[in-house]
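Encoded as structure tokens, the structure appears first; notes follow it.
The first residue in the sequence is number 1, and the count goes up from there.
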Amino acid sequence: MSPVDKKYKYLNYLPKPIHLPPEEYDLVDDYEFCQKDHRIPLLIATQFGIFPTNKTYGKKPVLNYAKLEGLENRRVGFIGRAYATSRERKGIFEIYIDEKLLNKLQTGKIKIDLSLWDENGELRSENLL
């Protein structure tokens, strides 16, 4: 796959996905991650919610991705990974982040976390949001 064909973009300072082949994503910095283009930004859904939060890695990220800052009004993908482990769930949960969904996430009415995957580590077929 050429860089133009890659479906996803992933922050270059996060632990790399286990179940997603490297040829399907570009490793990017925060600036490129937030730029709107054909690629879907990928974050991590942990048992605690969306990762990374701001300044998890020293000064990175500046934005709080747990609140989806900088990623409004676009499709975003999530890999499921238990925090501080290499246990990653299979499948990518993709969702369009509109103002209504963003408000529900920020007010705690809904949560994006590992509950999107079943007990076998597979993406649930039913919509949990």
Side-chain angles (χ1 to χ4, degrees):
M1 244 180 216
S2 74
V4 175
D5 296 332
K6 292 189 180 181
K7 183 174 182 179
Y8 301 104
K9 53 185 170 179
Y10 191 75
L11 292 165
N12 57 11
Y13 52 84
L14 294 180
K16 299 200 180 26
I18 296 168
H19 299 298
L20 185 65
E23 53 274 0
E24 292 189 31
Y25 63 91
D26 288 315
L27 291 174
V28 299
D29 61 17
D30 288 284
Y31 177 78
E32 188 174 351
F33 190 71
C34 291
Q35 295 301 305
K36 287 187 178 183
D37 58 31
H38 69 281
R39 298 168 296 173
I40 298 170
L42 272 181
L43 292 168
I44 300 173
T46 73
Q47 65 270 40
F48 306 112
I50 301 169
F51 183 83
T53 59
N54 64 326
K55 299 184 178 151
T56 303
Y57 295 97
K59 295 181 180 182
K60 294 180 183 180
V62 174
L63 296 175
N64 189 350
Y65 296 127
K67 294 186 179 191
L68 299 172
E69 290 179 358
L71 301 172
E72 304 87 354
N73 299 310
R74 70 171 89 185
R75 192 157 200 77
V76 175
F78 298 90
I79 60 171
R81 190 171 189 158
Y83 184 75
T85 74
S86 60
R87 291 188 325 240
E88 185 176 294
R89 308 308 193 264
K90 293 182 182 169
I92 295 174
F93 177 76
E94 291 183 19
I95 190 165
Y96 186 81
I97 307 297
D98 61 13
E99 193 173 318
K100 185 177 176 182
L101 180 66
L102 190 59
N103 184 39
K104 286 181 180 180
L105 284 167
Q106 292 178 344
T107 58
K109 292 180 182 171
I110 58 173
K111 190 174 181 183
I112 294 177
D113 61 15
L114 285 181
S115 67
L116 297 170
W117 288 263
D118 66 20
E119 61 278 352
N120 296 317
E122 301 285 335
L123 197 58
R124 293 181 186 271
S125 58
E126 71 271 12
N127 185 356
L128 295 177
L129 296 179

Task: Audit row: Lys36, Asn73, side chain to side chain contact (heavy atoms under 4.5 Å, CB included) steps and yes/no - done: CA-CA 10 Å; Lys36 287 187 178 183; Asn73 299 310; 4.1 Å; yes
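- No donor-acceptor distance shorter than 3.5 angstrom exists from the side chain of Tyr25 to the backbone of Lys7, with no hydrogens or angles considered.
- Closest of all the heavy-atom pairs between Leu20 and Leu42 is CD2-CD1, 3.4 Å.
- Between the CZ atom of Arg124 and the CD atom of Glu122 there is a distance of 11.5 Å, given to the nearest 0.5 Å.
- No more than 12 heavy atoms of other residues, nucleotides or ligands sit less than 6.0 Å from atom OH of Tyr31.
- The cluster map of Ile, Leu, Val, Met, Phe, Trp and Tyr, joined by side-chain heavy atoms under 4.5 Å apart, puts Leu71 and Tyr13 in the same cluster.
- Ion pairing between a basic and an acidic side chain is recognised when a charged N comes within 4.0 Å of a carboxylate O; Asp37 and Arg39 show such pairing.
- The minimum heavy-atom distance between Pro61 and Asp30, with the atom names listed, is CB-OD1, 3.4 Å.
- Looking at residues two or more places apart in sequence or on another chain, you find no side chain to side chain donor-acceptor pair (under 3.5 Å) involving Arg87.
- Contact between Arg74 and Cys34 at its shortest, heavy atoms only, is NH2-O, 2.5 Å.
- Smallest separation of non-hydrogen atoms from Gly77 and Ile92: CA-CG2, 4.1 Å.
- Between the side chain of Glu24 and the main chain of Tyr8, no donor-acceptor pair closer than 3.5 Å is present.
- In this structure, CG in Leu11 is found 10.5 Å from CD in Glu32, a value given to the nearest 0.5 Å.
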Open item on the list: Working note: Ile112 + Leu105, criterion side chain to side chain contact (heavy atoms under 4.5 Å, CB included); need CA distance, chi angles, decisive distance, verdict.
Closed with: CA-CA 8 Å; Ile112 294 177; Leu105 284 167; 3.8 Å; yes
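- Residue His38 holds its NE2 atom at 8.5 Å from NZ of Lys9, rounded to the nearest 0.5 Å.
- Atom OH of residue Tyr83 and atom OG1 of residue Thr46 lie 8.0 Å apart, to the nearest 0.5 angstrom.
- Contact record, Asn54 with Asn64: N-OD1, 3.7 Å, taken as the closest heavy-atom pair.
- Residue pairs that meet the salt bridge (charged side-chain N to carboxylate O under 4.0 Å, His left out) test with at least one member in residues 10-19, sequence neighbours left out, do not exist here.
- Paired with Arg81 under the rule side chain to side chain contact (heavy atoms under 4.5 Å, CB included), one option of Glu88, Gln47, His19, Arg89 passes, and it is Glu88.
- Rounded to the nearest 0.5 Å, atoms CD (Glu69) and OG1 (Thr53) are 10.5 Å apart.
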Open item on the list: Please determine whether side chain to side chain contact (heavy atoms under 4.5 Å, CB included) holds for the pair Ile18 and Ile79, giving the CA-CA distance in whole Å, both sets of side-chain angles, and the decisive distance to 0.1 Å.
Closed with: CA-CA 9 Å; Ile18 296 168; Ile79 60 171; over 6 Å; no
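- Taking 4.5 Å as the limit, every side-chain heavy atom of Tyr96 sits out of range of all side-chain heavy atoms of Leu101.
- To the nearest 0.5 Å, the span separating CD1 on Ile97 from CD on Glu94 amounts to 11.0 Å.
- Remark: side-chain polar atoms of Gln35 are not paired, donor with acceptor, to backbone N or O of Phe33 under 3.5 angstrom.
- Taking both residues in full, the closest heavy atoms of Asp113 and Trp117 are given as O-CZ3, 3.6 Å, listed atom of the first, atom of the second, then distance.
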